Amino acid sequence: MLKTIYQGKELKQCPECGSDRLVKDFYRAEISCAHCGLVLDEELLDSGPDWRSSDTEPSNARAGPPSTLMIHDKGLSTVIDWKNKDIYGKDLSPHRRAQIYRMRKWQSRIRISDALERNLVFALSEIERLSSSLKLPKNIREVAALLYRQVLEKRINKNKTTEGLVAACVYAACRQLKIPRTLDEIEEQSRVDKKEIGRSYRFIMMGLGMKLPLSNPAEYVSRFASQLGLSGSVQTRAISMLEEALQRGLPSGRSPMGLTAAALYLASILENEKRTQRDISEVVKVTEVTVRNRYKELQDTLGIDIKD
DNA sequence: AAGACGAAAGTGGTTGA
DNA sequence: TCAACAACTTTCGTCTT
């Protein structure tokens with residue numbers, strides 16, 4: 001397992017708020033707190049085996065299962081042919097025939113479980129690849145893998161692409177563990193498009209009878225803020241504005257991203273670290289127009305006026 | 001010249017008959 | 001299954017700093 005070493009000591013809880021939802025970000029070698037957004041950026045050490053920093057090489061070069069697992073028999077499987085003849089072309093005795101019949105039956109059964117197995121092996125390596133390029137912590141992978149096994153169990157995967165389902169599992173795991181990644185970000189690393197991922201996601205939720213709460217805009221604040229180089233006070237401000245707006249019942253039916261962007265924009269102005277609407281819209285991946293609309297609404301509901 | 005603003009038309013997804 | 005609808009995007013002209 002990975003240990004979080006900070007200033008020589010193992011860190012289990014956020015020094016700021018005490019939350020244990022610490023996120024390790026190997027890309028920037030940072031630890032951040034998923035709860036309050038505090039970012040610690042020193043000496044993130046990795047004491048676990050088998051991790052390659054994926055900074056320098058494409059992340060799909062990551063160590064997966066041995067390749068012999070991917071093609072479990074290396075393409076050399078034996079097939080019992082359908083003719084009831086022996087190798088000399090003679091008919092088989094009834095006893096022999098029955099024996100061969102049973103063997104065929106077993107072989108086809110084994111094939112089915114092979115297919116499932118192979119699917120799972122591929123899916124698991126894909127989960128690994130995806131979450132590794134998304135710099136996701138390990139527990140996400142486990143949750144995603146578990147979800148995928150359930151998908152197979154309930155046969156939700158019928159007529160659907162494995163890649164779409166895998167991406168959806170990863171997305172769902174992120175939502176569940178409140179380590180927010182947007183659909184856009186997952187799409188970037190996956191070979192399937194947003195539409196497909198979203199569809200698979202809904203199938204899974206329906207099939208497993210799950211329901212995940214809408215993602216909370218505040219969860220995204222710290223990550224986007226750090227991408228924009230905004231200070232902690234801006235983050236805190238943005239989060240508290242979001243919370244207040246939420247209490248006043250603003251964000252009904254609005255996309256979380258738009259709200260996050262708006263809150264960041266407002267907070268950046270209020271804290272004198274102004275970013276342009278464009279800067280923010282680029283990072284958050286919504287349009288300037290949406291930023292504008294949302295932040296107007298935010299202003300209205302909160303009764304804030306910016307002029308100084 | 002860059003940023004902010006808002007109108008108008010277009011897009012993709014949801015919902016309800 | 002289809003049409004109405006809300007949220008969001010694209011595009012573009014205008015105003016402000």
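Here is how names work: the chains are called A, B, and so on, in the same order as the sequence lines, proteins then strands, and each is numbered from 1. These numbers come from the heavy atoms of this one structure, side chains and all, not from hydrogens, waters or symmetry mates. Keep in mind that this is a model prediction, so the values were computed, not measured.
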Problem set entry | Set of side chain to side chain donor-acceptor pair (under 3.5 Å) partners for A:T287, sequence neighbours left out | A:T290
Which whole-number value in Å describes the distance from [X] [atom1] to [N] [atom2]?
X: A:K296; N: C:dC8; atom1: NZ; atom2: C1'; result: 18 Å
X: A:Y295; N: C:dC8; atom1: OH; atom2: C1'; result: 18 Å
X: A:N293; N: C:dA6; atom1: CG; atom2: P; result: 15 Å
X: A:E282; N: C:dT10; atom1: CD; atom2: P; result: 12 Å
X: A:L259; N: C:dA7; atom1: CG; atom2: P; result: 12 Å
X: A:R292; N: C:dC15; atom1: CZ; atom2: P; result: 15 Å
X: A:E288; N: C:dT14; atom1: CD; atom2: P; result: 18 Å

For this session: Return the 5'-most residue of the pair A:T276, A:V289 with respect to DNA chain B, ranking by each residue's nearest nucleotide.
Result: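 The residue closer to the strand's 5' end, by nearest nucleotide, is A:T276.
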Does the side chain of [X] come under 3.5 Å of the side chain of [Y] through a donor N or O and an acceptor N or O?
X: A:Y295; Y: A:D300; value: no
X: A:E163; Y: A:S190; value: no
X: A:S240; Y: A:E243; value: no

Problem set entry | Verdict with supporting geometry, A:K194 and A:R199, side chain to side chain contact (heavy atoms under 4.5 Å, CB included) | CA-CA 8 Å; A:K194 239 192 328 194; A:R199 203 145 31 93; over 6 Å; no
Problem set entry | Distance, nearest 0.5 Å, that separates CZ of A:R181 from CG of A:L136 | 5.0 Å
For this session: Step by step, work out the side-chain hydrogen bond (donor to acceptor under 3.5 Å, both in side chains) result for A:T161 and A:E196.
Result: CA-CA 9 Å; A:T161 69; A:E196 170 107 22; 3.2 Å; yes
Problem set entry | Full working for salt bridge (charged side-chain N to carboxylate O under 4.0 Å, His left out) between A:E185 and A:R223 | CA-CA 12 Å; A:E185 292 169 292; A:R223 226 156 37 80; 3.0 Å; yes
For this session: Can you sort out which residues in residues 192-204 of chain A have a heavy atom within less than 4.0 Å of DNA chain B? Ascending by number, please.
Result: A:K195, A:R202
Problem set entry | Heavy-atom closest pair, residues A:Y148 and A:A123 |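 It is CE2-CB, 3.2 Å.
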Problem set entry | Residues in salt bridge (Lys or Arg N to Asp or Glu O under 4.0 Å) contact with A:E271, at least two apart in sequence or another chain |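 For A:E271 the salt bridge (Lys or Arg N to Asp or Glu O under 4.0 Å) partners, ignoring immediate neighbours, are A:R237.
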Problem set entry | DNA chain C: stems of at least 3 consecutive Watson-Crick or G-U pairs whose donor-acceptor distances fall under 3.5 Å |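 Counting only runs of 3 or more consecutive pairs, the stems involving DNA chain C are B:1-11 with C:7-17, B:13-17 with C:1-5.
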Problem set entry | Outermost DNA chain B nucleotides near chain A [under 4.0 Å, heavy atoms] | B:dG3 to B:dT14
Problem set entry | Listed once per pair and sorted, the salt bridge (Lys or Arg N to Asp or Glu O under 4.0 Å) pairs that draw on residues 166-177 of chain A, sequence neighbours left out | none
